[in-house]
Amino acid sequence: MSAQRLFGLFVLFTLAAGCGDKETPTDDSDVNVDDSESEGDADADTDSDSDTDLTSTAAGNIDLRDGTDKGVVSIKRAFSFYSSSATFIIASSNPDATCETYADILDPEAPPTDRTSLYLPGHCNLSFTLTSAPPLASYDLQTDSGAIVSASCAFGEGEWALSTSGSYKGYYWTGDQYEAAAWKGTFNVAFTKEGGDDLSLEIELREWEGTFPYSTERPGEHKASGKVEGSIHTEHCPGFERSPLF
């Protein structure tokens, strides 16, 4: 098994096991505004907020080739963190997803975290893991190394229920939970704004291979197809620093 594949599986099972440090919100009260400059400050705030208001357009489908399950991708919220040697990006189809909840999922010291706000039934979320700091001008999944693109799908109908799998107590999807890696497609990563930490991606993904890690009735690997393309705009999430990736 290649190093890239091993790294990808590590990411998949880190997310599946559950774990986060909560982000410390910015305290706007620390900003002193001089009345004589309020108009200029208002303009500056508008410019700053415009980056976080960018709308992600990445959408498509991830359907099992055997026709048993179909998943929709429609990215609404995305979060990212990076160091000098790694970058992690996660993108959710649920508009209720938050940095704090994902940070709890990634923190191995955190208690089990309910994932209801992170997923939608019948939908898939995406993650991107790089063994380098951003930016990344271009990446081809079939020819390049140093990155993995993963999908986590809550197929069918179900709910996130607290239970035990192996020795780990956590929240598991009562339907079919599919964890897969993309093996065909391209993407890039750039800073949304010069000097900022938010990231933007353009993606075009097509083929997937993964497993149902919590089902004894669906062993082995299962392939899926379906195009997912468009843009993803992230919010910097400092709480991701507690992940074993960093």
Side-chain angles (χ1 to χ4, degrees), residues 7-28 52 56 58 71 73-83 85-130 134 148-155 158-181 197-199 201 210-214 232-246:
F7 189 62
L9 291 175
F10 169 75
V11 173
L12 288 175
F13 287 104
T14 295
L15 287 173
C19 338
D21 178 41
K22 293 191 176 182
E23 177 186 13
T24 302
T26 301
D27 186 355
D28 293 334
T52 59
S56 296
V73 179
S74 182
I75 300 304
K76 303 301 183 185
R77 299 290 304 279
F79 308 94
S80 61
F81 185 81
Y82 64 89
S83 67
S85 59
T87 303
F88 183 67
I89 298 157
I90 196 156
S92 174
S93 293
N94 192 333
D96 294 332
T98 66
C99 162
E100 291 85 354
T101 306
Y102 267 125
D104 284 342
I105 293 289
L106 293 170
D107 184 354
E109 302 300 323
T113 302
D114 190 347
R115 302 170 184 233
T116 301
S117 65
L118 305 181
Y119 288 80
L120 289 177
H123 287 65
C124 302
N125 297 340
L126 304 176
S127 65
F128 301 77
T129 309
L130 285 62
I148 187 77
V149 180
S150 304
S152 179
C153 304
F155 281 144
E159 62 180 358
W160 291 95
L162 186 63
S163 61
T164 301
S165 177
S167 61
Y168 179 76
K169 186 176 183 179
Y171 282 85
Y172 298 91
W173 182 244
T174 57
D176 293 328
Q177 186 176 345
Y178 181 60
E179 305 288 340
D197 289 318
D198 297 345
L199 302 175
L201 299 79
T211 66
F212 293 87
Y214 309 112
I232 296 175
H233 303 288
T234 80
E235 301 169 41
H236 182 65
C237 186
F240 285 11
E241 188 173 16
R242 291 290 187 90
S243 164
L245 290 170
F246 301 101

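These figures come from a predicted structure and were not determined experimentally. Throughout, numbering of the chain's residues begins at 1 and tracks the sequence.
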* Geometric class of the Tyr102/Phe240 ring pair [parallel <30°, tilted 30-60°, perpendicular >60°] -> perpendicular

Pairs of donor and acceptor atoms involving the side chains of residues 86-94, under 3.5 Å and at least two apart or interchain, shall be tabulated with distances.
| from | atom 1 | to | atom 2 | distance (Å) |
| --- | --- | --- | --- | --- |
| Thr87 | OG1 | Ser132 | O | 2.7 |
| Ser92 | OG | Asn94 | N | 2.9 |
| Ser92 | OG | Leu118 | O | 2.6 |
| Ser93 | OG | Ser74 | N | 3.1 |
| Ser93 | OG | Cys124 | O | 2.8 |
| Asn94 | OD1 | Asp96 | N | 2.9 |
| Asn94 | ND2 | Thr116 | O | 3.3 |
| Asn94 | ND2 | Ser117 | O | 3.1 |
| Asn94 | ND2 | Tyr119 | O | 2.8 |

* Asked: What's the shortest heavy-atom distance between Ala78 and His233, and which atoms?
  -> CB-O, 3.7 Å

* Any sub-3.5 Å donor-acceptor pair from Thr174's side-chain atoms to Glu159's backbone N or O? -> yes

* To do: Mind checking the OG1-NZ spacing from Thr164 to Lys169? Nearest 0.5 Å is all I need.
  => 6.0 Å

* Asked: If we only count heavy atoms from C-beta on, is the Trp173 to Pro121 side-chain gap below 4.5 Å?
  -> yes

* With Phe155, which residues qualify under ring pair (Phe, Tyr, Trp, His ring centres under 6.0 Å), at least two apart? -> Tyr178

* Heavy-atom side-chain proximity of Glu235 to Cys237 below 4.5 angstrom -> no

* Interatomic distance, Leu245 atom CG to Phe81 atom CZ [nearest 0.5 angstrom] -> 11.0 Å

* Taking the side chain as C-beta and beyond, is there a heavy-atom pair between Trp160 and Gln177 under 4.5 Å? -> yes

* Asked: Just how far is it from atom CG of Leu199 to atom CZ of Phe79, taken to the nearest 0.5 Å?
  -> 13.0 Å

* To do: Please test Leu162 against Tyr171 for side chain to side chain contact (heavy atoms under 4.5 Å, CB included), starting from the C-alpha separation and ending with a verdict.
  => CA-CA 4 Å; Leu162 186 63; Tyr171 282 85; 3.7 Å; yes

* **Closest contact, heavy atoms only, Ser165 versus Tyr214** => OG-CD2, 3.6 Å

* Asked: Do Pro108 and Pro244 come close enough that some side-chain heavy atom pair is under 4.5 Å?
  -> yes

* Might you point out which heavy atoms bring Thr211 and Pro213 nearest each other, and give the distance in Å? => O-CD, 3.2 Å

* Determine yes or no for a side-chain-to-main-chain donor-acceptor pair under 3.5 angstrom, with Ser243 supplying the side chain and Phe246 the backbone. => no

* Asked: What distance separates Cys153 SG from Leu126 CG, expressed to the nearest 0.5 Å?
  -> 8.0 Å

* About how many Å separate OG of Ser56 and CG of Leu201, when rounded to the nearest 0.5 Å? -> 9.0 Å

* Exercise: identify the closest heavy-atom pair between Pro112 and Tyr168 -> CA-OH, 4.4 Å

* **Separation of Phe128 CZ from Ile232 CD1 (nearest 0.5 Å)** => 4.0 Å

